[in-house]
Novice: 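Quick one: the structure is below, questions incoming.
Only heavy atoms go into these numbers, but all of them, side chains included; no hydrogens, no water, no symmetry mates.
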Amino acid sequence: MTETLSANAARRIALAAQGFGRPHPATAGRRQVRDLAGRLGVIQIDSVNVVSRTHYLPLFSRLGDYPREHLEAEAWGAKRSLFEYWGHEASLMPMETQPLLRWRMARARDGELWTGLARFGRERRDYIEQVLAEIERRGPVTGGDFAEGPRGAPGWWSWSDGKRALEWLFWSGFITTKTRRNFERIYDLTQRALPDAVVNAPTPDHDEAQRRLMMIGARAMGVATLADLRDYFRLPADDARARLGELVEAGKLTPVTIRDWRHQAYLVPDARRPRRITAQALLSPFDNLIWHRDRTERLFGLKVRLEIYTPAHKRLHGYYVLPFLQDEALTARVDLKSDRQAGELRVQAAWREPEADADTPARLAHELKRMAGWLGLPGGVTVAGRGDLAEALEAELRRA
């Protein structure tokens with residue numbers, strides 16, 4: 001018989017799988033950063049720096065005040081453990097994951113890319129090969145080294161041909177990020193940029209690679225639907241469905257029923273099942289726990305939407321909004337901005353959620369002050385905005 005779990009039990013399993021409910025380490029070193037990156041499997045990268053670039057934030061939410069240079073060393077240092085590629089979106093992942101994504105690189109070479117880049121790959125292959133030869137001859141390069149060339153219409157995607165060639169080569173696995181300088185990628189040939197042990201590792205067949213990716217996502221989520229499992233590494237729909245059936249048949253995932261969930265769920269058999277989660281954390285809008293919006297609504301009963309690309313007059317909560325995890329619930333949302341010139345973390349809006357309680361303002365204030373210190377903002381936290389929690393939050397910050 002299929003086991004039935006309550007929605008609350010599923011939420012606790014998911015939180016524990018994501019690394020919540022454990023005390024922060026007294027000192028978070030590079031080992032803790034590596035271990036957490038391995039637990040999550042993938043850390044999304046985004047360039048928006050309104051508060052902090054998002055790849056730093058999931059570790060802060062789970063480890064506390066860790067030195068950001070530890071992540072930088074693991075991602076872009078001389079002895080790094082992470083590499084960049086398209087995992088969920090642009091992502092940092094453990095080095096051992098690289099062979100599991102070679103099927104995606106092969107498909108990119110065959111044209112399975114977003115339309116404009118796929119067309120460029122077909123029509124300008126000779127030019128792409130010239131760029132690759134130049135990288136082989138010259139060594140590490142940046143997008144700026146290939147900035148000359150025809151450009152498209154004005155806008156975000158007005159890349160030069162050189163930039164398009166680099167992006168095609170990156171998708172296709174010929175080049176990768178060797179390091180970053182002021183957040184700009186420094187590219188090199190994959191065989192020069194990654195350790196020999198990774199480059200020379202055998203390539204698993206397509207099905208096995210996808211099964212292993214799906215299990216990384218399953219362990220990071222604890223319990224999940226097919227849509228959740230597919231989304232974690234953005235697997236093709238038909239492939240994900242086939243791999244799920246194989247994993248269930250092999251006993252690596254167990255079908256379970258979650259009350260109030262519309263779709264079949266699957267449990268990692270050895271997933272932790274805590275009876276209670278004690279945690280408080282500000283979550284990046286790109287955090288693994290909440291990046292799949294339908295899953296977030298199932299787990300927490302809230303619609304969480306990224307409003308960065310929404311016109312200002314249509315935003316409900318703000319531009320860069322971080323939900324606040326209080327134990328087992330999302331109890332608040334805050335629209336934050338690091339005012340680096342003034343040295344302050346500015347709360348531009350603070351909103352109460354239905355499961356907020358009398359402790360929410362004080363616990364949220366504590367977490368905001370901790371974030372301001374971690375970000376190196378000596379002026380602390382100021383509340384300068386709107387929202388039904390703003391007044392109570394400001395009172396707590398003054399009281400402290």
Novice: Under 4.0 Å between a Lys/Arg side-chain N and an Asp/Glu carboxylate O for R137 and E134?
Specialist: yes

Novice: Output every pair passing side chain to side chain donor-acceptor pair (under 3.5 Å) with a member in residues 306-323, not counting sequence neighbours, ordered by first then second residue.
Specialist: none

Novice: Quick one: do R39 and D35 make a salt bridge, cutoff under 4.0 Å?
Specialist: no

Novice: Taking NZ, NE, NH1 and NH2 as the nitrogens, is one of them in R102 or D205 under 4.0 Å from a carboxylate oxygen of the other?
Specialist: no

Novice: Between R333 and W351, is NZ or CZ placed under 6.0 angstrom from the six-membered ring centre and within 45° of the ring axis?
Specialist: no

Novice: I would like to know whether E367 and Q280 meet side-chain hydrogen bond (donor to acceptor under 3.5 Å, both in side chains); could you show each step before the answer?
Specialist: CA-CA 7 Å; E367 206 63 20; Q280 62 185 45; 3.3 Å; yes

Novice: Can you tell me how far apart CZ (R293) and OG1 (T296) are? Round to the nearest 0.5 Å.
Specialist: 6.0 Å

Novice: A quick test of your reading: do over 12 heavy atoms of other residues, nucleotides or ligands sit less than 6.0 Å from CD of E391?
Specialist: no

Novice: Given side chains that start at C-beta, do those of E208 and L100 come closer than 4.5 Å, heavy atoms only?
Specialist: no

Novice: For a side chain to side chain donor-acceptor pair (under 3.5 Å) with Q326, tell me which candidate from T331, T278, D359 qualifies.
Specialist: T331

Novice: Looking at every heavy atom in both I258 and V223, which two are closest together, and how far apart are they?
Specialist: CD1-CG2, 4.1 Å

Novice: Determine, for R164 against D161, whether the closest basic-nitrogen to carboxylate-oxygen distance falls under 4.0 angstrom.
Specialist: yes

Novice: Within 45 degrees of the ring normal and closer than 6.0 Å to the centroid, is that where the cationic atom of R109 sits relative to F174?
Specialist: yes

Novice: Check E69, E74, H70 against R30 for a side chain to side chain donor-acceptor pair (under 3.5 Å) and give me the one that passes.
Specialist: E74

Novice: Among residues at least two apart in sequence or on other chains, which ones pass side-chain contact (heavy atoms from CB on, under 4.5 Å) with E96?
Specialist: P94

Novice: Would you mind reporting whether L213 and Y232 have side-chain heavy atoms less than 4.5 Å apart?
Specialist: no

Novice: Going by an N to O cut-off under 4.0 Å, is there a salt bridge joining R398 and E394?
Specialist: yes

Novice: Yes or no on side-chain contact (heavy atoms from CB on, under 4.5 Å) for E112 and R104, after CA distance, side-chain angles and deciding distance?
Specialist: CA-CA 8 Å; E112 291 192 28; R104 179 168 287 167; over 6 Å; no

Novice: Taking the six-membered ring of F300, is NZ or CZ of R295 closer than 6.0 Å to its centre and within 45° of its axis?
Specialist: no

Novice: Check whether L229 and W103 end up in the same hydrophobic cluster, where Ile, Leu, Val, Met, Phe, Trp and Tyr are linked by side-chain heavy atoms less than 4.5 Å apart.
Specialist: yes

Novice: Mind checking whether V50 and Y56 sit in one hydrophobic cluster, side chains of I, L, V, M, F, W, Y counted as touching below 4.5 Å?
Specialist: yes

Novice: Check for me whether R370 meets the cation-pi criterion with F60, that is, NZ or CZ under 6.0 Å from the six-membered ring centre and within 45 degrees of the ring axis.
Specialist: yes

Novice: Any side-chain donor-acceptor pair under 3.5 Å between Q18 and R62?
Specialist: yes

Novice: Taking the basic N atoms (NZ, or NE/NH1/NH2) and the acidic carboxylate oxygens, is any pair closer than 4.0 Å for E297 and K303?
Specialist: yes

Novice: If you count every heavy atom of other residues, nucleotides or ligands that lies below 6.0 Å from R276 atom CZ, does the total exceed 12?
Specialist: no

Novice: For D260, does the CG atom have more than 12 heavy-atom neighbours from other residues, nucleotides or ligands under 6.0 Å away?
Specialist: no

Novice: Please assess D196 against Q191 for the test side-chain hydrogen bond (donor to acceptor under 3.5 Å, both in side chains), listing each intermediate value before the final yes or no.
Specialist: CA-CA 7 Å; D196 290 344; Q191 61 265 34; over 6 Å; no

Novice: Establish, for the pair R53 and F183, whether the NZ or CZ atom is under 6.0 angstrom from the six-membered ring centre and no further than 45 degrees off its axis.
Specialist: yes

Novice: Do you know which of M214, R211, Q210 makes side-chain contact (heavy atoms from CB on, under 4.5 Å) with L244?
Specialist: M214

Novice: Counting only heavy atoms from other residues, nucleotides and ligands, does the tally under 6.0 Å from NZ of K369 exceed 12?
Specialist: yes

Novice: Step by step, work out the ring-ring contact (aromatic ring centres under 6.0 Å, His included) result for H24 and W374.
Specialist: CA-CA 14 Å; H24 293 163; W374 174 68; over 10 Å; no

